[in-house]
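So the structure is just underneath, and the comments pick up after that.
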Amino acid sequence: MNALKNLVDKVKPHFEKGGKLEKFHSVFDGFETFLFVPNTTSKRGTHIHDAIDSKRTMVMVIIALIPALLFGMYNTGYQHFLAIGQQVSFLDTFIFGALAVLPLIVVAYGVGLGIEFIVAQIKGHEIQEGFLVSGMLIPLIVPIDTPLWMVGVATAFAVVFAKEVFGGTGMNIFNVALVTRAFLFFAYPTYMSGDVVWVRTSDTFGLGAGNVVDAYAGATPLGQVATSATTDVNLVNIIKEPISFIDGFIGLIPGSVGETSTLAILIGAALLLITRIASWKTMFSVFAGGALMALVFNTWGPDTAAAHFPWYNHLVFGGFAFGAVFMATDPVTSARTETGKWIYGALIGAMAIIIRVLNPGYPEGMMLAILLLNIFAPLIDYYVVEANIKSRLKRAKTN
Amino acid sequence: MANLIKSTRGLDIAIGGAADKVLHSYVLSDVVAIVPDHYHAITPKMLVKEGDVVKAGTPIFYNKAVESMKFVSPVSGKVLAVNRGERRKILSITIERDKETVYETFKTASLETLKGEEVKATLLSAGLWPYIKQRPYDVIANPDIAPKAIFISAFDSAPLAPSSEFVLSKQMDDFQKGLDALAKLTPGKVHLAVRNVTKLYEGLKNVEINHYQGPHPIGNVGVQINKINPINKGEVVWTIHAHDVLFIGRLFNKGIVDLKRKIALTGPEVTSPAYYETITGCQIDKLILGKVTSNVTHRYICGNVLTGLKASGKSYLDPYSTQITVIKEGNDVHEMFGWAMPRFNKFSTSGTYFTGIMSKVFGVKNFDFDARIMGGKRSIIMSGEYDKVLPMDILPEFLIKAMIVGNIDKMEALGAYEIAPEDVALCEFVCTSKLPLQQIVRDSLDIMRTELE
């Protein structure tokens with residue numbers, strides 16, 4: 001450790017102003033603070049500080065994403081071998097999935113962090129850690145067969161136009177990862193919808209080659225609901241075996257990489273709630289709002305399969321749980337007042353179900369619901385703040 | 001219990017080194033100093049020069065804006081130097097003290113017969129006025145505007161704060177006299193905030209006592225004002241520290257300015273934390289040398305760890321401090337991957353550390369603190385952090401944002417009149433983005449004051 005510290009101290013002058021590598025100052029600073037906690041002490045104001053900082057906050061979210069990531073890797077392999085009708089060991093299944101998912105992670109981080117480094121250097125501020133989370137979210141919310149160049153382009157678009165132009169982490173209006181997803185969805189609709197992208201049927205780096213079985217159909221459960229001709233849909237997996245609520249909860253079903261397993265997501269949710277990084281108010285109200293809205297449709301909805309899809313199924317299939325736990329709770333783009341969080345969450349849940357049920361074009365509604373409420377979050381806060389202002393004015397008048 | 005006000009929002013920081021209730025003998029350096037910068041927002045105009053002989057209570061300088069507001073010598077002796085800095089700014093006035101203090105005497109007709117104006121004039125000329133502060137703006141009170149009420153907190157909930165009961169006991173005559181004098185300055189009430197039920201405050205007159213329960217910052221007058229009689233636009237409230245009421249009491253009891261106070265020497269780096277009697281302007285080294293641990297770089301703080309002033313051994317005790325805290329500086333610590341480590345000995349309100357388990361299950365009461373900020377400055381990312389530690393009917397995050405962008409109308413609407421830097425000290429402590437909130441509030445209040453007054 002001391003040797004490393006000496007090395008850092010030795011090369012540091014090169015990166016300072018006037019040094020030959022000053023153009024990389026932000027990058028150096030990023031790595032230095034990554035290695036060692038900065039020893040700057042307070043000059044004015046409080047002399048002691050809480051040990052939390054944004055690095056630790058972000059790293060906790062990443063840890064919370066790991067169960068969903070690992071499960072997503074396994075499920076990618078599982079769906080693949082199910083599709084080609086081969087029985088392989090647990091380890092082979094996982095390795096196949098890991099190899100399929102890793103390039104997505106590498107591309108998302110590479111592109112996003114690259115832009116982040118450059119912008120930090122131009123603006124002359126420290127590298128902000130926000131993208132560490134976004135870069136992990138992006139691979140988890142895209143279908144496994146999304147071409148890598150598309151992921152790269154979409155990430156670049158999102159980081160530049162959804163974050164940096166607004167002023168960086170903490171200033172963005174939209175959730176960066178969801179903008180990436182929305183960009184993919186609207187820029188490459190032929191790739192991103194339909195039944196072909198959710199399961200990897202080809203090989204990965206030469207592994208797992210084979211032909212798909214005859215019974216194969218790659219539709220996600222929500223896709224089946226959306227295209228169902230009858231009001232009562234019988235969900236099936238990719239080889240036409242029936243599935244139910246519990247399969248949706250466990251997550252061995254087709255879908256975006258990290259969104260399928262409600263169980264893995266809930267493990268992450270538990271960590272976020274214990275560490276108090278995510279707001280339980282937002283998280284709870286998304287689920288409550290979604291369940292309530294689905295129940296309304298179940299009771300009074302139109303005669304479609306989506307409206308009759310049981311409310312509990314709405315919560316475990318598709319990206320609902322993932323969005324509720326990891327996207328809606330993003331503190332920057334969410335409502336920031338405590339009262340606002342209840343409203344914000346409940347509206348996301350309700351809106352997601354409304355889009356699922358009433359929108360004929362696209363089976364999933366979570367992404368659009370959260371992005372929509374990202375727009376409304378400042379408005380919700382505005383009214384909560386206004387109420388505080390009004391009560392203060394009223395107090396002044398009555399006295 | 002009458003008038004019990006409870007709060008659950010706030011935070012008691014588990015830091016070691018509270019002072020034992022032991023009073024050590026009188027300590028005072030041979031040279032004391034008055035530092036004009038210790039008084040916020042005044043412009044000093046000198047009344048003495050080098051070599052002048054002064055008594056305790058002799059005016060040293062006055063405030064240019066309010067000429068009647070005098071600042072007096074805490075000791076008798078000879079003016080050693082008037083130290084000036086850039087543009088002849090007065091940095092400090094040092095006084096070599098006599099062995100025996102000679103006091104300036106003030107005419108003190110019995111307080112009962114004095115009118116409010118006369119009490120005010122006496123306080124201004126005796127140099128005790130600067131101890132009275134006003135909200136809005138948290139500055140020395142403007143003597144021309146009568147306050148709607150005066151608030152005194154008889155307990156300090158800040159980390160390691162001295163016990164007011166210990167300090168005030170045996171001085172209740174002076175305390176009562178001080179309260180009597182203050183009661184003449186307002187048409188409204190004088191509110192005294194008390195935490196514990198004790199006999200000490202029983203029988204106090206001219207004052208309304210309220211009881212409070214809860215974690216810090218419940219002892220801050222700002223919170224108490226917000227709970228009892230919040231400040232609206234155009235209203236003024238005065239505040240004074242309970243220990244400073246004694247100075248006023250002594251003036252009207254004995255006719256002298258006696259600025260002796262019991263301060264608590266506290267903090268994890270103090271070998272045996274206890275109380276010492278001293279006087280404002282005493283050199284810090286005199287109070288600290290030999291009483292702190294060795295082998296680490298220390299940070300001396302006049303005041304508590306949240307709101308105190310950074311000091312060095314050569315600096316002087318400021319007039320408002322009732323404690324001195326010594327902690328580790330920590331600038332020689334280089335924690336590798338500290339942000340990812342478990343760090344069992346660190347204190348945090350977030351669940352990302354084991355603070356809760358360590359303190360509740362293992363009973364840890366003193367976590368490892370130093371003066372490091374432990375993170376980089378960022379934009380505000382987390383929400384709701386500040387609300388948890390500010391038990392006032394205010395939305396701190398939105399007020400702070402209005403202050404950062406300098407929107408005076410918004411500040412006004414969101415309650416800037418009610419707030420002082422000390423009220424957001426805990427917000428600054430818990431802030432993930434490491435923003436200097438007290439500085440932001442201080443600067444904004446100053447801007448508001450110049451724009452609106």
Side-chain angles (χ1 to χ4, degrees), chain A residues 1 4-5 29 33-57 59-60 125-130 167-171 271 273-277 279 281 331-332 334-338 341 381 384-385 388-389 391-393 395-397 399, chain B residues 13 15 230 232-233 299 301 305-308 310 327 329-340 343 346-353 369-384 387 393 395 397-398 413-415 425 428-434 436-439:
Chain A
M1 177 196 150
L4 190 61
K5 179 69 197 155
D29 182 75
T33 55
F34 178 82
L35 283 173
F36 297 101
V37 177
N39 68 335
T40 25
T41 53
S42 69
K43 294 193 178 57
R44 328 188 43 161
T46 57
H47 297 268
I48 55 175
H49 282 83
D50 194 301
I52 183 90
D53 69 343
S54 61
K55 278 193 180 56
R56 196 170 180 98
T57 308
V59 90
M60 283 298 156
H125 59 56
E126 287 183 37
I127 289 168
Q128 298 161 338
E129 297 83 359
T169 304
M171 305 287 192
L271 184 69
L273 293 179
I274 289 169
T275 54
R276 292 191 285 279
I277 283 170
S279 161
K281 291 172 188 163
V332 175
S334 143
R336 303 186 63 90
T337 52
E338 297 306 304
K341 284 173 187 167
D381 283 342
V384 177
V385 172
N388 180 277
I389 290 173
S391 72
R392 187 166 290 109
L393 281 177
R395 188 182 79 197
K397 281 188 195 120
N399 275 7
Chain B
I13 298 169
I15 180 170
N232 299 304
K233 187 177 180 168
R299 160 157 308 199
I301 303 162
V305 284
L306 294 176
T307 60
K310 186 181 171 186
I327 60 172
E329 180 73 24
N331 58 354
D332 46 359
V333 182
H334 301 279
E335 275 178 285
M336 198 174 185
F337 299 121
W339 52 275
R343 285 164 133 186
K346 288 283 178 228
F347 184 89
S348 174
T349 51
S350 79
T352 62
Y353 285 89
F369 288 100
D370 54 39
R372 283 178 303 153
I373 298 168
M374 290 193 285
K377 193 177 157 186
R378 298 287 182 270
S379 321
I380 298 179
I381 296 172
M382 303 303 284
S383 62
D387 305 68
D393 178 27
L395 297 169
E397 186 191 315
F398 293 87
L414 286 167
E428 185 175 331
F429 172 79
V430 300
C431 182
T432 303
S433 300
K434 311 291 180 190
L437 300 181
Q438 291 186 87
Q439 190 63 43

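Just so we're on the same page: letters track the sequence lines, and every chain starts at 1. Bear in mind the structure is a predicted one, so any value in this text is a computation, not a measurement.
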Flag the one option from [options] with the top tally of heavy-atom pairs under 4.5 Å to chain B.
| options | answer |
| --- | --- |
| A:Gly168, A:Pro331, A:Ser334, A:Gly170 | A:Pro331 |
| A:Thr275, A:Val59, A:Asp29 | A:Thr275 |
| A:Ile48, A:Thr40, A:Asn388 | A:Ile48 |
| A:Val384, A:Thr337, A:Thr57, A:Ile52 | A:Ile52 |
| A:Thr169, A:Val37, A:Asp50 | A:Asp50 |

Against chain A, label [X] side chain, backbone, both or neither, depending on which of its atoms sit under 4.5 Å from a heavy atom there.
| X | result |
| --- | --- |
| B:Ile373 | both |
| B:Phe429 | both |
| B:Thr349 | both |
| B:Glu428 | both |

If you measure from [atom1] on [X] to [atom2] on [Y], what distance do you get to the nearest 0.5 Å?
| X | Y | atom1 | atom2 | value |
| --- | --- | --- | --- | --- |
| B:Ser350 | A:Ile274 | OG | CD1 | 12.5 Å |
| B:Arg343 | A:Arg56 | CZ | CZ | 6.5 Å |
| B:Lys310 | A:Lys43 | NZ | NZ | 7.0 Å |
| A:Lys55 | B:Thr352 | NZ | OG1 | 14.0 Å |
| B:Leu437 | A:Thr46 | CG | OG1 | 8.5 Å |
| A:Arg336 | B:Glu397 | CZ | CD | 4.0 Å |

With sequence neighbours left out, what residues match A:Leu273 under side-chain contact (heavy atoms from CB on, under 4.5 Å)? A:Trp280, A:Met283
With A:Lys281, which residues qualify under side-chain contact (heavy atoms from CB on, under 4.5 Å), at least two apart? A:Ser279, A:Glu338, A:Lys341, A:Trp342
Contact winner vs chain A - [options], heavy-atom pairs under 4.5 Å:
| options | answer |
| --- | --- |
| B:Ile301, B:Asp370, B:Ile13, B:Thr307 | B:Ile301 |
| B:Glu329, B:Lys233, B:Arg299, B:Lys377 | B:Arg299 |
| B:Phe369, B:Phe337, B:Tyr353 | B:Tyr353 |
| B:Ile15, B:Val333, B:Asp387, B:Ile380 | B:Ile380 |
| B:Gly338, B:Gly375, B:Ala413, B:Ala425 | B:Ala413 |

By a 4.5 Å heavy-atom criterion (distance strictly below it), what part of [X] contacts chain B: side chain, backbone, both, or neither?
| X | value |
| --- | --- |
| A:Val385 | both |
| A:Ser42 | both |
| A:Asp381 | side chain |
| A:Leu271 | neither |

A:Phe34 backbone acceptor or donor facing B:Trp339 side chain under 3.5 Å: yes
Heavy-atom closest pair, residues [X] and [Y]:
| X | Y | answer |
| --- | --- | --- |
| A:Ser54 | B:Ile381 | CB-CD1, 4.4 Å |
| A:Ile277 | B:Met382 | O-CE, 3.3 Å |
| B:Gly308 | A:His47 | O-NE2, 2.8 Å |
| B:Met374 | A:Ala51 | CE-CA, 3.9 Å |
| A:Gln128 | B:Ser379 | NE2-OG, 4.4 Å |
| A:Ala335 | B:Ser383 | O-OG, 4.5 Å |

Classify the ring geometry of A:Phe36 against B:His334: parallel below 30°, tilted from 30° to 60°, perpendicular beyond 60°. perpendicular
Salt-bridge present (A:Glu126, B:Arg378; N to O < 4.0 Å): yes
Sub-4.5 Å side-chain heavy-atom contact between A:Ile389 and B:Leu414: yes
Run the numbers on B:Asn331 and A:Thr41 for side-chain hydrogen bond (donor to acceptor under 3.5 Å, both in side chains), then give the verdict. CA-CA 6 Å; B:Asn331 58 354; A:Thr41 53; 5.5 Å; no
